[in-house]
Amino acid sequence: MELLAAAFSAACAVDHDSSTSESDTRDSAAGHLPGSESSSTPGNGTTPEECPALTDSPTTLTEALQMIHPIPADSWRNLIEQIGLLYQEYRDKSTLQEIETRRQQDAEIQGNSDGSQAGEDNAEEEEEEEEEPASPPERRALPQICLLSNPHSRFNLWQDLPEIQSSGVLDILQPEETKLQEAMFELVTSEASYYKSLNLLVSHFMENERLKKILHPSEAHILFSNVLDVMAVSERFLLELEHRMEENIVISDVCDIVYRYAADHFSVYITYVSNQTYQERTYKQLLQEKTAFRELIAQLELDPKCKGLPLSSFLILPFQRITRLKLLVQNILKRVEEGSEREGTALDAHKELEMVVKACNEGVRKMSRTEQMISIQKKMEFKIKSVPIISHSRWLLKQGELQQMSGPKTSRTLRTKKLFREIYLFLFNDLLVICRQIPGDKYQVFDSAPRGLLRVEELEDQGQTLANVFILRLLENADDREATYMLKASSQSEMKRWMTSLAPNRRTKFVSFTSRLLGWIFGERLHDQERGWFPSSMTEEILNPKIRSQNLKECFRVHKMEDPQRSQNKDRRKLGSRNRQ
């Protein structure tokens, strides 16, 4: 499939007549809005006839939007060819740059806070800095956006495009509006990079004639799933974004398009992502069992167009894109004016994307749970009455080995190694199964109980031998009677995690400072609101209170409830784009 021609429109360099003197007009054209001579410079692809002159100098954003005219998209057609980064490269660099930008902001705010008590000399220096032109600082404030450039590309940011530079619009827009333009521009350019990577997955791997002969049709179907449908949606989505950018060099909005596609077309992502478990398993099996497949894939991956990236990085693209798209909309939402129409479309798009991402995650969970339950069932041998493990409403929460204390708690027993015996627990969302591991990677089940009939209690400190020990009570076990187990974990944090999992509705909560010192934190994953424990080494704490406050405010804005007025207006923009002059 050919690459999409381009995802961008050309901008019109504007001209204006002034009621002032001829010399004033020339001065204004040189320093503010360029005249018709500059708009016809070679390479712009436009002529004065194509861009009618403006009769008045715009003073507001609304006037600017009305007075800057669109032109044919020919001057944008080659821009997509200059996007040298594949989506995997763009995503990694963008993520790292965002982290670095946050660190710089944290340091700048902390520096400003530390310098607030400086003397008059410092104050005078700050005043001198304020007298300098405002444009350079505004440009430097946007290092995190649109990292699609490469050594052969001319463009980094929306404001760096020649059409934007020559139009004079940067002298009209407020800094926050410029940042908003950059955020919308990044959504478009990143979609172009994503489409380029999808096209490479299809043309270079999926449609390879040698690979078709190696793979059975069912294997090819599982490996590539409905990627053709995903790419077709991306192409149409990118085309609509292109048309929007052709309307004006100042982008009016993109979130209304995102909302419509998320609501009506992004179900293809749910289908693709839900197949991820089978896709990964099939891919590993093919690498292990088919030498011809392994050798051909290694050969295809060495092609320079793959940039050293493996096939697996291309296969996971749709899941990465749908989660990233939500974050890009969230970045736009942070910059739109509160209460504006653009805030409404951004909130709608963000909410719809959240629903798509949650559906994708739920699809993956269902598939992986089914696979996991089948595997566990095969490994269990029941010493008691058999319990059916496989159920559509059941999934594994936690599994692992603990030490069960046996025998009386006498001083003689405490000195022996036979005090504790290894047992293995399978904790499901509605059931606990207690086993002992036996040869052959099998588990012998000797007790079980519904999860709702579990109670836990932490023992007081009774010395090193009984450290990290807790009591597990089964109010009704497999024999319809109460049973008590004294269990020992490998560490205090492990004990607390088991206690929290076994009886999650207890009043006692173990999200404590002590837990953090031991290296584990209980938190929420941002893209799908999943909660659980993760190592503290995977995080970097934000120490600056101002940044923390800003993050909380942005989070509240993103997740705030819809007001009645916005709900009434939602239906009017649900289908199609808004009318524009």
Side-chain angles (χ1 to χ4, degrees), residues 7-9 60-62 64-66 68 70 145-146 158 173-192 194 233-234 236-267 269 321-359 526-527 553-581:
F8 313 95
S9 64
T60 66
L61 172 61
T62 303
L65 289 171
Q66 292 175 347
I68 297 175
I145 11 185
C146 198
W158 171 83
L173 300 181
Q174 295 296 320
E176 283 304 312
E177 178 64 31
T178 301
K179 293 177 183 178
L180 174 59
Q181 292 294 313
E182 298 288 5
M184 292 189 289
F185 185 71
E186 183 187 10
L187 188 147
V188 180
T189 53
S190 62
E191 185 67 27
Y194 167 64
V233 168
S234 175
R236 295 196 303 270
F237 180 47
L238 191 54
L239 188 61
E240 289 213 30
L241 293 173
E242 171 193 346
H243 292 162
R244 175 60 52 82
M245 295 193 70
E246 289 173 6
E247 294 177 1
N248 208 318
I249 59 174
V250 180
I251 309 169
S252 57
D253 197 2
V254 294
C255 289
D256 57 328
I257 299 176
V258 175
Y259 167 72
R260 182 156 43 82
Y261 268 78
D264 299 338
H265 304 290
F266 282 178
S267 59
Y269 283 94
R321 181 55 182 172
I322 197 64
T323 54
R324 181 68 182 177
L325 195 57
K326 194 189 81 165
L327 296 178
L328 291 172
V329 170
Q330 187 171 319
N331 192 35
I332 294 173
L333 180 56
K334 294 175 184 177
R335 305 190 183 282
V336 294
E337 183 180 355
E338 291 194 38
S340 65
E341 186 176 8
R342 288 194 293 192
E343 183 192 45
T345 59
L347 284 170
D348 290 342
H350 187 271
K351 182 178 179 181
E352 203 66 40
L353 286 170
E354 273 194 333
M355 294 173 62
V356 174
V357 171
K358 287 182 179 180
L526 291 178
H527 74 264
K553 182 179 178 181
E554 290 175 351
C555 184
F556 173 77
R557 186 180 183 189
V558 168
H559 295 286
K560 70 181 181 180
M561 298 296 292
E562 294 184 352
D563 58 88
Q565 184 63 38
R566 211 171 67 80
S567 298
Q568 293 175 5
N569 294 335
K570 182 176 178 180
D571 292 338
R572 288 199 291 258
R573 58 174 182 267
K574 186 173 183 180
L575 297 176
S577 301
R578 299 187 306 275
N579 294 328
R580 295 173 176 79
Q581 294 183 349

Chemist: Drop me the distance from Glu177's CD to Ile251's CD1, to the nearest 0.5 angstrom.
Modeler: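 Rounded to the nearest 0.5 Å, the CD-CD1 separation comes to 9.5 Å.
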Chemist: Using the side chain to side chain contact (heavy atoms under 4.5 Å, CB included) rule, take Glu352 and Asp348 through it: C-alpha gap first, then chi angles, then the decisive distance, then the call.
Modeler: CA-CA 6 Å; Glu352 203 66 40; Asp348 290 342; over 6 Å; no
Chemist: Indicate yes or no for a side-chain donor-acceptor contact from Thr178 to the backbone of Gln174 under 3.5 Å, with no hydrogens or angles considered.
Modeler: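 Present.
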Chemist: When you measure from the side chain of Glu186 to the backbone of Glu182, do you find a donor-acceptor pair of N or O atoms at a distance under 3.5 Å?
Modeler: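 Pair absent, no side-chain N/O of Glu186 close to backbone of Glu182.
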Chemist: If you look at every heavy atom in Ser190 and Leu328, which pair is closest and at what distance?
Modeler: OG-CD1, 3.4 Å
Chemist: Test of understanding: with ring-ring contact (aromatic ring centres under 6.0 Å, His included), list the residues that count as partners of Phe266, not counting sequence neighbours.
Modeler: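 For Phe266, the residues satisfying ring-ring contact (aromatic ring centres under 6.0 Å, His included) (neighbours in sequence not counted) are Phe237, Tyr269.
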Chemist: Which atoms form the tightest heavy-atom contact between Met184 and Ile332, and what is the distance?
Modeler: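 What the structure gives for the nearest pair is CG-CD1, 3.8 Å.
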Chemist: Is the shortest side-chain heavy-atom distance between Glu176 and Leu180 below 4.5 Å?
Modeler: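 SC-SC contact between Glu176 and Leu180 ruled out.
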Chemist: Calculate, to the nearest 0.5 Å, the distance between atoms NZ and CZ belonging to Lys179 and Arg335 respectively.
Modeler: 6.0 Å
Chemist: Drop me the distance from Arg324's CZ to Ile322's CD1, to the nearest 0.5 angstrom.
Modeler: 13.5 Å
Chemist: Over all heavy atoms of both residues, which pair between Cys255 and Ala349 is shortest? Give the atoms and the distance, please.
Modeler: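 Shortest heavy-atom contact: O-CB, 3.5 Å.
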Chemist: Go through Leu333 and Val336 one step at a time and tell me if the side chain to side chain contact (heavy atoms under 4.5 Å, CB included) criterion holds.
Modeler: CA-CA 6 Å; Leu333 180 56; Val336 294; 4.1 Å; yes
Chemist: Can you name the side-chain contact (heavy atoms from CB on, under 4.5 Å) partners of Glu337, sequence neighbours left out?
Modeler: Ser340
Chemist: So Leu238 and Glu242, side chain to side chain contact (heavy atoms under 4.5 Å, CB included) or not? Walk me through it.
Modeler: CA-CA 6 Å; Leu238 191 54; Glu242 171 193 346; 6.0 Å; no
Chemist: Taking it one step at a time, do Val233 and Tyr261 satisfy side chain to side chain contact (heavy atoms under 4.5 Å, CB included)?
Modeler: CA-CA 8 Å; Val233 168; Tyr261 268 78; 4.2 Å; yes
Chemist: Determine, for Arg260 against Glu240, whether the closest basic-nitrogen to carboxylate-oxygen distance falls under 4.0 angstrom.
Modeler: yes
Chemist: Taking the side chain as everything from C-beta on, heavy atoms only, tell me whether Gln330 gets closer than 4.5 Å to Leu327.
Modeler: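 Yes - at least one pair of side-chain heavy atoms lies under 4.5 Å apart.
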Chemist: Distance from His350 atom NE2 to Leu347 atom CG, nearest 0.5 Å?
Modeler: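 So the gap between those two atoms works out to 8.5 Å.
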Chemist: Testing the 3.5 Å rule here: is there a donor-acceptor pair between the side chains of Ser234 and Arg321?
Modeler: no
Chemist: Does the pair Glu354/Lys351 count as a salt bridge with the N-to-O cut at 4.0 Å?
Modeler: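 Salt bridge absent between Glu354 and Lys351.
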Chemist: Let me confirm one number: the CE-NZ distance from Met355 to Lys358, rounded to the nearest 0.5 Å.
Modeler: 9.0 Å
Chemist: Under a 4.0 Å threshold between the charged nitrogen and the carboxylate oxygen, would Arg342 count as salt-bridged to Asp256?
Modeler: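 Salt bridge between Asp256 and Arg342, a charged N being under 4.0 Å from a carboxylate O: no.
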Chemist: Sort out for me which residue in Asn331, Ile257, Val258 forms a side chain to side chain contact (heavy atoms under 4.5 Å, CB included) with Leu187.
Modeler: Val258
